[in-house]
2 protein chains.
Amino acid sequence: MSEKEISKAVITRLPRYYRYLGELLEDGVERISSNDLSVRMKVTASQIRQDLNNFGGFGQQGYGYNVKYLYAEIGKILGIDRQHNIIIIGAGNLGQAIANYANFEKRGFLIKGMFDINPRLIGLVVRGIEIRSVDDLEQFVKDNDVQIAALTIPKTKAPEIADRLVKAGIKAIWNFAHTDLSVPEDVVVENVHLSESLMRLSYRVCSIQDSEEERNRQSEIME
Amino acid sequence: MSEKEISKAVITRLPRYYRYLGELLEDGVERISSNDLSVRMKVTASQIRQDLNNFGGFGQQGYGYNVKYLYAEIGKILGIDRQHNIIIIGAGNLGQAIANYANFEKRGFLIKGMFDINPRLIGLVVRGIEIRSVDDLEQFVKDNDVQIAALTIPKTKAPEIADRLVKAGIKAIWNFAHTDLSVPEDVVVENVHLSESLMRLSYRVCSIQDSEEERNRQSEIME
DNA sequence: TAGATTGTTAATCGATTAACAATC
DNA sequence: TAGATTGTTAATCGATTAACAATC
């Protein structure tokens with residue numbers, strides 16, 4: 001019996017639950033009800049219970065959820081109880097920013113290597129991680145059991161590198177290049193399109209401004 | 001008559017339309033039907049037509065959409081025909097990565113200044129942008145008509161800086177800190193939670209692996 | 001036991017897709 | 001005119017919220 005498909009919306013919310021539970025844990029909170037959590041997170045308690053029940057009954061009637069237990073369970077669901085070996089392709093600022101973010105390692109994401117085509121970067125060491133030539137990519141992926149590649153390179157180079165990664169047996173691409181990648185269906189692509197994020201922000205700023213101006217115009221007419 | 005509310009899902013897709021239309025424009029394509037575009041973008045033609053018709057009738061029966069015109073119109077909708085003044089708070093790798101991404105300026109996002117608390121960074125110049133002390137934040141925002149602040153600082157510092165920005169009159173926060181911010185409702189927060197993105201990726205990798213293992217187990221049983 | 005709160009079913013709401021008349 | 005394709009209405013699908021019996 002293949003487990004029922006979990007909707008994308010639920011998966012998007014899981015890491016946020018995980019973050020809030022982690023904070024509760026740090027604050028020494030032992031248990032929490034879906035209602036209390038819903039107030040903190042500004043979502044409905046119904047949604048929290050529905051979301052969690054996709055994966056099992058983690059709570060207890062009359063008690064709520066044990067924070068430590070639920071935190072661990074969501075961690076398992078997200079797969080951050082396992083080790084993931086990562087490489088970063090593109091050792092520019094963005095690549096280095098990722099390499100320097102220590103918290104990823106706490107969650108089982110181990111950065112095994114960085115790659116670039118710039119000879120001036122090759123050989124440098126960032127946080128103990130050597131920057132290698134992209135020529136050595138395939139061999140390195142095979143030798144180090146690398147599952148995930150972060151792509152922090154210009155969009156022009158991304159499709160070719162993605163193809164090489166897929167052929168080398170990578171399982172997932174964390175894509176920061178401003179383009180869509182086409183990969184076989186058993187390879188995961190998670191896009192982080194920063195320029196699109198900034199445009200959404202722009203839209204929202206402008207639409208607030210516009211509606212304020214509209215309101216002002218309306219009130220002028222009323223006078 | 002306040003314009004009808006546009007759903008979040010539509011807004012999320014707009015920048016992607018904009019990107020594809022930009023590419024078509026570069027390739028010299030003059031017109032495109034919703035059907036052709038839907039094939040390229042791997043969405044339904046229905047969805048494209050519904051999405052666009054939230055903002056007006058940009059097409060023509062029997063012809064399709066004029067690429068150049070539609071590109072410009074979506075640009076206007078997204079507000080990237082206007083100028084947005086941005087500051088970056090946190091001049092680490094991530095802040096510098098954003099400062100160095102030239103394409104933002106092409107779309108009207110002008111980086112006016114960078115800020116940090118690290119004395120060793122203050123005074124440095126990145127791509128012509130001086131790194132200033134966070135002490136000067138409020139004055140700078142007022143003097144330079146800054147609307148948007150990118151927050152590339154640790155989560156512990158983010159809420160306090162966000163408060164200061166709001167008081168200084170900022171309109172939007174592009175939040176890279178791993179925490180939620182609470183701001184007045186006329187201030188926009190666009191979150192880029194990279195660690196959550198990586199967890200979603202992890203979930204998807206693991207769920208593919210698990211279902212493959214499940215399949216293997218099933219076929220063993222069948223033998 | 002009484003009170004609290006879950007897990008789960010049912011009702012509602014919203015988003016996506018299908019269909020087709022309008023029209024270029 | 002005939003063919004193509006939009007804009008838009010209607011049908012479907014899925015996600016969210018409400019409600020409540022089960023139960024700790």
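Keep in mind that this is a model prediction, so the values were computed, not measured. Within every chain, numbering begins at 1; the chains are lettered A, B, ... in the order of the sequence lines, protein sequences first and strands thereafter.
Taking B:K76 as the reference, B:E73 meet the side chain to side chain donor-acceptor pair (under 3.5 Å) condition, with sequence neighbours excluded. Contacts of B:L110 classified as side-chain contact (heavy atoms from CB on, under 4.5 Å), with partners at least two apart in sequence or in another chain: B:Q83, B:N85, B:E105, B:K112. Contacts of A:R200 classified as salt bridge (Lys or Arg N to Asp or Glu O under 4.0 Å), with partners at least two apart in sequence or in another chain: B:E190. Looking at residues two or more places apart in sequence or on another chain, you find a side-chain contact (heavy atoms from CB on, under 4.5 Å) between B:R107 and A:S195, A:M199, B:Y18, B:I80, B:F109. In terms of the side chain to side chain donor-acceptor pair (under 3.5 Å) criterion, residue partners of B:R82 (sequence neighbours excluded) are, by chain and number, A:D210.
Here the side chain of B:T152 pairs a donor or acceptor atom with the backbone of B:I89 at under 3.5 angstrom. Between the B:H193 side chain and the B:F176 main chain, no donor and acceptor come within less than 3.5 Å of each other.
Pairs passing the side chain to side chain donor-acceptor pair (under 3.5 Å) check and including a residue from residues 37-47 of chain B, sequence neighbours excluded, do not occur. Screening residues 156-185 of chain A for salt bridge (Lys or Arg N to Asp or Glu O under 4.0 Å), with sequence neighbours left out, gives A:E138-A:R164, A:E160-A:R164, A:D180-B:R16, A:D180-B:R19. The list of salt bridge (Lys or Arg N to Asp or Glu O under 4.0 Å) pairs with a residue in residues 147-156 of chain B, not counting sequence neighbours, is empty.
Residues B:I6 and B:L14 have side chains not in contact (no heavy-atom distance under 4.5 Å, counting atoms from C-beta outward).
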With both pairing distances under 3.5 angstrom for Watson-Crick or G-U wobble, and | for a partner in another strand, the correct string for DNA chain D is ..||||||||||||||||||||||
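Interface limits on DNA chain C: the 5'-most and 3'-most nucleotides within less than 4.0 Å of chain B heavy atoms are C:dA15 to C:dC24.
A:S34 approaches A:R49 most closely through the heavy-atom pair OG-NH1, 2.9 Å.
For DNA chain D, the residues of residues 58-76 of chain B within the heavy-atom distance limit of 4.0 Å (strictly under) are B:F58, B:G59, B:Q60, B:Q61, B:G62, B:Y63, B:G64, B:Y65, sorted by number. If you check residues 26-50 of chain A against DNA chain C, the residues with a heavy atom closer than 4.0 Å are A:S33, A:S34, A:R49, A:Q50, listed by number.
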